[in-house]
Amino acid sequence: MTATTAPATFYGHPRGLATLFFTEFFERFSYYGMRALLVLFLTAAVAKGGLGVDDATAGSIYGIYTGAVYLFALPGGWIADRLIGTRRSIWYGGIIIASGHFLLAITSSMFSFMCGLLIIALGTGLLKPNISTLVGELYEGKPGAFRDSGFSIFYMGINLGGMIAPLVSGTVGEMFNFRWGFLTAGVAMLLGLIQFRATSHHLGAAGFAPKNTNPAERTRGLRLLGLAVLIGIALVTAAGMGLYTVSAPVVAAVFKHLLLAIAVLYFGYILLFGGLNGTEKRRVGVMIVLFLCSAMFWAGFEQAGSTFNLFARDLTDRSFLGSYFATGEHPTTWYQSFNSICIILLAPFFAWLWLALGKRNLDPSAPVKFGLGLVMLGAGFAVLLFAAKLILATGGKVGPIWLLLTYLLHTTGELCLSPVGLSSFTKLAPTRYASQLMGMWFLATAMGNLAAGQIGGQIGSDVHTMPAEFLHMTMYGVGCGLLLLLFTPVLRRWMGGIH
Ligand code: GLN
């Protein structure tokens with residue numbers, strides 16, 4: 001008789017999922033912990049340990065940084081595919097992220113702070129898309145439902161990080177010293193790396209080899225990467241030496257046009273010259289609509305770190321538990337946790353809902369879910385519109401309930417739109433363009449994040465501008481959502497049998 005040992009598992013899933021779950025937990029911890037502090041740090045007076053920039057500049061920096069994080073996912077995926085595989089990408093990505101956070105913790109000038117943000121964005125671009133791909137690789141040859149459930153667990157890791165980080169890094173940064181907050185983000189990423197190293201044997205052979213095995217192509221790729229790095233270093237050095245200066249709002253505007261141009265050129269190219277048949281063209285048409293809606297959604301949703309952060313700081317009564325803090329108020333950053341808390345609480349309900357509706361053949365199609373997501377986004381802004389009017393009428397602050405309700409509505413929107421967007425992009429894409437179109441999904445997120453920063457900068461913390469701006473956002477969310485719902489029958493036809 002031979003003794004057999006069952007392979008280690010994580011709640012019935014491959015044990016490697018736990019490795020990636022905790023790596024992503026710590027990475028998101030560092031991302032959301034720092035992000036919660038970013039706009040507060042930028043706008044805080046120098047005497048209070050901040051950089052003392054105006055709202056418009058802070059919003060632009062927030063938009064450029066968070067937009068770049070998602071844009072860099074494109075080269076990040078390419079590096080893993082062509083050059084080093086997903087596993088090394090995660091490892092080096094994590095090291096780069098941690099270095100960036102440590103630089104923020106010791107930085108004293110605007111220039112070195114920007115360098116730190118750039119480093120974090122580059123590292124995140126390398127880590128974030130590839131860790132999801134590696135989760136997928138763990139489930140190769142396993143049933144689809146098992147894989148979906150693996151991804152749901154993984155998504156919990158993301159949100160656990162997003163929930164705890166603002167409470168830890170945010171509180172430390174806001175109440176004691178911003179730099180200590182950045183330090184905790186760096187330490188979190190470091191813990192993630194240690195954990196990854198110590199448990200990576202559970203991943204087996206997954207993610208070691210790049211998809212491309214052609215040595216000549218690899219050499220070409222490495223040269224290209226080397227060249228890009230050299231150009232990047234030259235540009236940064238020149239800026240450091242003061243050879244040119246840039247203003248954040250101008251860079252943000254240029255960046256926006258660049259992202260738009262990439263989207264127009266790419267979709268135009270595959271529609272006109274991609275050799276697609278009629279069905280494929282119509283499906284790509286649906287993807288363009290979903291792409292635009294996704295960019296719009298994130299443009300509202302990601303104002304969490306810009307507009308809503310300032311709303312929490314200046315216009316929300318934070319006296320609850322205030323006696324525990326020297327300022328007499330609980331930290332602004334705590335509100336940043338609420339989206340993740342809602343996701344953790346609501347995701348199982350939504351999973352159940354879609355499944356239950358599916359059993360009755362009532363599962364809404366992707367455009368319907370996107371439409372609902374946008375309506376929820378608009379509804380969230382409507383709540384803040386009332387809150388802003390209340391503030392103007394009473395002259396005081398409003399209770400936390402308003403902001404919490406907005407976050408709740410936005411989270412229900414996220415749950416309608418985000419998971420479904422990812423999977424419809426994989427299903428609608430013609431196979432030979434699958435990974436490029438996945439990149440387009442990230443590009444939509446990048447556009448949304450950038451716009452969220454720009455809009456946030458425009459709104460700032462001046463309550464007088466808020467009613468008009470929040471009204472725009474409400475109309476834009478509800479209007480686009482309803483329009484999408486109206487056109488659903490056409491889009492469904494174009495989807496050609498895909499749900
Ligand atoms: N909260 C999710 C994450 O951090 C999704 C964010 C997004 O796609 N904009 O991964």
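First listed ligand is number 1; within each ligand, the first listed atom is number 1.
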For Arg28, the ligand 1 atoms with a heavy-atom partner under 4.0 Å come out as 3 (C), 4 (O), 10 (O)
Identify, by atom number and element, the atoms of ligand 1 in contact range of Ile158, meaning under 4.0 Å from any of its heavy atoms.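 In order of numbering, the contacting atoms are 3 (C), 4 (O), 10 (O).
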Does an N or O from Glu302, backbone or side chain, lie closer than 3.5 Å to an N or O of ligand 1? yes
Less than 3.5 Å between some nitrogen or oxygen of Tyr32 and one of ligand 1, yes or no? yes
Atom 10 (O) of ligand 1: the protein heavy-atom neighbour that sits closest, reported with distance to 0.1 Å: Lys128 NZ, 2.6 Å
Are Phe10 and Phe21 an aromatic pair, judged by ring center distance below 6.0 Å? yes
Please determine which of Phe301, Phe308, Tyr476 meets the ring pair (Phe, Tyr, Trp, His ring centres under 6.0 Å) test together with Phe381.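 Only match with Phe381 under ring pair (Phe, Tyr, Trp, His ring centres under 6.0 Å): Phe308.
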Rounded to the nearest 0.5 Å, how far apart are CE of Met376 and CG of Leu415? 10.5 Å
Check each heavy atom of Tyr70 against ligand 1 and say whether those closer than 4.0 Å belong to the side chain, the backbone, both or neither.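 It is the side chain that touches ligand 1; the backbone stays farther off.
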Heavy-atom distances under 4.0 Å are what count here, so tell me which part of Tyr155 touches ligand 1: side chain, backbone, both or neither.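 Side chain only; the backbone of Tyr155 stays clear of ligand 1.
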Determine, stepwise, if the pair Gln436 / Tyr266 fulfils side-chain hydrogen bond (donor to acceptor under 3.5 Å, both in side chains). CA-CA 9 Å; Gln436 290 171 12; Tyr266 180 77; 2.7 Å; yes
Contact with ligand 1 for Phe301, non-hydrogen, under 4.0 angstrom: no
Report the relative orientation of the aromatic rings in Phe113 and Phe41; use parallel for angles under 30°, tilted for 30 to 60°, perpendicular for over 60°. tilted
So with a 6.0 Å cut-off around NZ of Lys142, is the heavy-atom count from everything else above 12? yes
